[in-house]
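The first residue in the sequence is number 1, and the count goes up from there. Everything numeric here is computed off the predicted structure, so don't read it as measured data.
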Amino acid sequence: DAATAAELEVSYVVSRAGWQPVYDLRATNTKSPVQLSYRANVFQGTGEDWKNVKLTLSTANPNLGGLKPELASQVLDFLQVVPYRTAYDKRMKSGPVAMERSDAPAAVQLEEAASLAELVTTVESAVNTSFMIPIPYTVPSSNQPTLVDIGRHDLLATYQYAVAPKLESDAFLMARVTGWEEFNLLPGQASVFFEGTFVGNSFIDPNSIRDTLSISLGRDKRIVVKREKVKDLTSRKFMGGNIREGRAFEISVRNSRQEPITIVVEDQVPISRNSLIEVTVTDVGGAAWNKETGKLTWTMTLQPSETKKVQFKYEVKYP
């Protein structure tokens, strides 16, 4: 009822601010868990510096909206062709007829369905995770990222080697990490360290990986892998109007390390998409064979200085 002095606390929404997840994955050795450092690059360009503020980072994206899209009817119909005469045709009283096509109802319905996503109302999603950062940070209004620590977690991991000698003869040490689902990870870049050394970059995409996250920890030259064509078992024959070719390959793996290792060896046999081309696999050499993709997989355990060899054979018949 009367004029008085008052203090107001104002809350407002800005659009030029956000954060992106970044990760560090560190493995000390092949017997320790993998340490995951969960971080955020926070940026803002609001025109006002944020000095010593406590941040709350949310996995919700208000730009995506929270409303379920509704399907519109998809109608199929024939194209409606409407002939008309051009001005030249009217003057000449005869001549070729130009055709004008009207859009089919199906096309109209599809365009309406596609535009629904642009008209949805932005609402706060009920399924998200917020990270309340207890340490104050200063984020300048320059759109330059400020690195903020979210948390560190130890992840259970099993270690094994993998090689695809058809593409590369080097064996790669792989860490198969489990239990990552409980940390609400978002897609982001990851820097990978092994034994204190940076070995490369990776990308974590929780939307595409399953219950096990595979991380490459680099090459190991102490595992020697060779893939050679077996000439004695390679053949080419003419049978009537067809040619039959036989191929055989041998893969040898030697462990030059001082401890036993487990290694997964991958290769492939071709698959046919033409009824005139027949592929017959005569020997997979004990591998697990995926007939849909043609992929062959061997899992081997090698003692120090041990060498193992496998062979696989197939024939191709074509006109």
Quick check on the hydrophobic clustering: are [X] and [Y] connected, directly or via other members, by side-chain heavy-atom contacts under 4.5 Å?
{"X": "Phe172", "Y": "Ile251", "result": "no"}
{"X": "Phe249", "Y": "Val225", "result": "yes"}
{"X": "Leu155", "Y": "Leu173", "result": "yes"}
{"X": "Ile135", "Y": "Leu55", "result": "yes"}
{"X": "Ile243", "Y": "Val279", "result": "yes"}

Please indicate whether [X] has more than 12 foreign heavy atoms, meaning atoms of other residues, nucleotides or ligands, lying under 6.0 Å from its [atom1].
{"X": "Lys308", "atom1": "NZ", "value": "yes"}
{"X": "Gln258", "atom1": "CD", "value": "no"}
{"X": "Leu156", "atom1": "CG", "value": "no"}

Got a donor-acceptor contact below 3.5 angstrom from the [X] side chain to the [Y] backbone?
{"X": "Asp49", "Y": "Lys51", "answer": "no"}
{"X": "Tyr159", "Y": "Ser32", "answer": "yes"}
{"X": "Thr307", "Y": "Arg254", "answer": "no"}
{"X": "Asp205", "Y": "Pro187", "answer": "no"}
{"X": "Thr262", "Y": "Gln160", "answer": "no"}
{"X": "Trp19", "Y": "Ser58", "answer": "yes"}

Over all atoms of both residues, closest heavy-atom pair of [X] and [Y]:
{"X": "Tyr23", "Y": "Leu186", "value": "OH-O, 2.6 Å"}
{"X": "Ala17", "Y": "Val14", "value": "CB-CG2, 4.3 Å"}
{"X": "Gln20", "Y": "Phe43", "value": "CG-CE2, 4.2 Å"}
{"X": "Val139", "Y": "Val42", "value": "CG1-O, 4.1 Å"}
{"X": "Pro319", "Y": "Asn242", "value": "CA-OD1, 3.5 Å"}
{"X": "Val22", "Y": "Ala40", "value": "CG2-N, 4.2 Å"}

Taking the side chain as everything from C-beta on, heavy atoms only, tell me whether [X] gets closer than 4.5 Å to [Y].
{"X": "Lys317", "Y": "Thr280", "value": "no"}
{"X": "Lys54", "Y": "Met132", "value": "no"}
{"X": "Leu36", "Y": "Val34", "value": "no"}
{"X": "Ile277", "Y": "Val316", "value": "yes"}
{"X": "Val192", "Y": "Ile215", "value": "yes"}
{"X": "Asp149", "Y": "Ser37", "value": "no"}

Chi angles and distances behind the salt bridge (charged side-chain N to carboxylate O under 4.0 Å, His left out) call for Glu245, Arg247: CA-CA 7 Å; Glu245 290 193 25; Arg247 299 287 177 88; 3.2 Å; yes
First locate atom [atom1] of [X], then atom [atom2] of [Y], and finally report the distance between them rounded to the nearest 0.5 Å.
{"X": "Asp220", "Y": "Arg257", "atom1": "CG", "atom2": "CZ", "value": "5.0 Å"}
{"X": "Thr293", "Y": "Gln268", "atom1": "OG1", "atom2": "CD", "value": "8.5 Å"}
{"X": "Ile133", "Y": "Ser130", "atom1": "CD1", "atom2": "OG", "value": "10.5 Å"}
{"X": "Glu195", "Y": "Asn29", "atom1": "CD", "atom2": "CG", "value": "7.0 Å"}
{"X": "Glu306", "Y": "Thr301", "atom1": "CD", "atom2": "OG1", "value": "9.0 Å"}
{"X": "Arg244", "Y": "Lys237", "atom1": "CZ", "atom2": "NZ", "value": "8.0 Å"}

Please evaluate residues Phe312 and Leu296 with respect to the criterion side chain to side chain contact (heavy atoms under 4.5 Å, CB included), reporting the C-alpha separation (whole Å), side-chain torsions for both, the decisive distance (0.1 Å), and the verdict. CA-CA 9 Å; Phe312 65 96; Leu296 303 174; 3.7 Å; yes
Quick one about Thr46 and Gln44 (side-chain donor to acceptor, distance below 3.5 Å, no hydrogens or angles considered), yes or no?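 Yes, side-chain donor-acceptor contact under 3.5 Å.
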Just checking, is any N or O donor in the side chain of Arg222 or Ser256 under 3.5 Å from an acceptor N or O on the other one?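 No, no side-chain donor-acceptor pair sits under 3.5 Å.
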List the steps and the verdict of side chain to side chain contact (heavy atoms under 4.5 Å, CB included) for Val163 and Trp298. CA-CA 10 Å; Val163 63; Trp298 296 267; over 6 Å; no
Check the pair Arg39, Arg152 against side chain to side chain contact (heavy atoms under 4.5 Å, CB included), reporting the backbone distance first and the verdict last. CA-CA 9 Å; Arg39 297 177 176 179; Arg152 295 184 180 180; 3.9 Å; yes
Using side chain to side chain contact (heavy atoms under 4.5 Å, CB included), reason through Leu57 and Ile150 one step at a time and then give a plain yes or no. CA-CA 9 Å; Leu57 306 179; Ile150 296 179; 4.1 Å; yes
What I want to find out is whether Glu228 reaches Lys226 closely enough, with some N-O distance under 4.0 Å, to be called a salt bridge.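 Lys226 and Glu228: not salt-bridged.
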In terms of ring plane angle, is the pair Tyr38 and Phe131 parallel, tilted or perpendicular, where the classes change at 30° and 60°?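 Correct class here is perpendicular.
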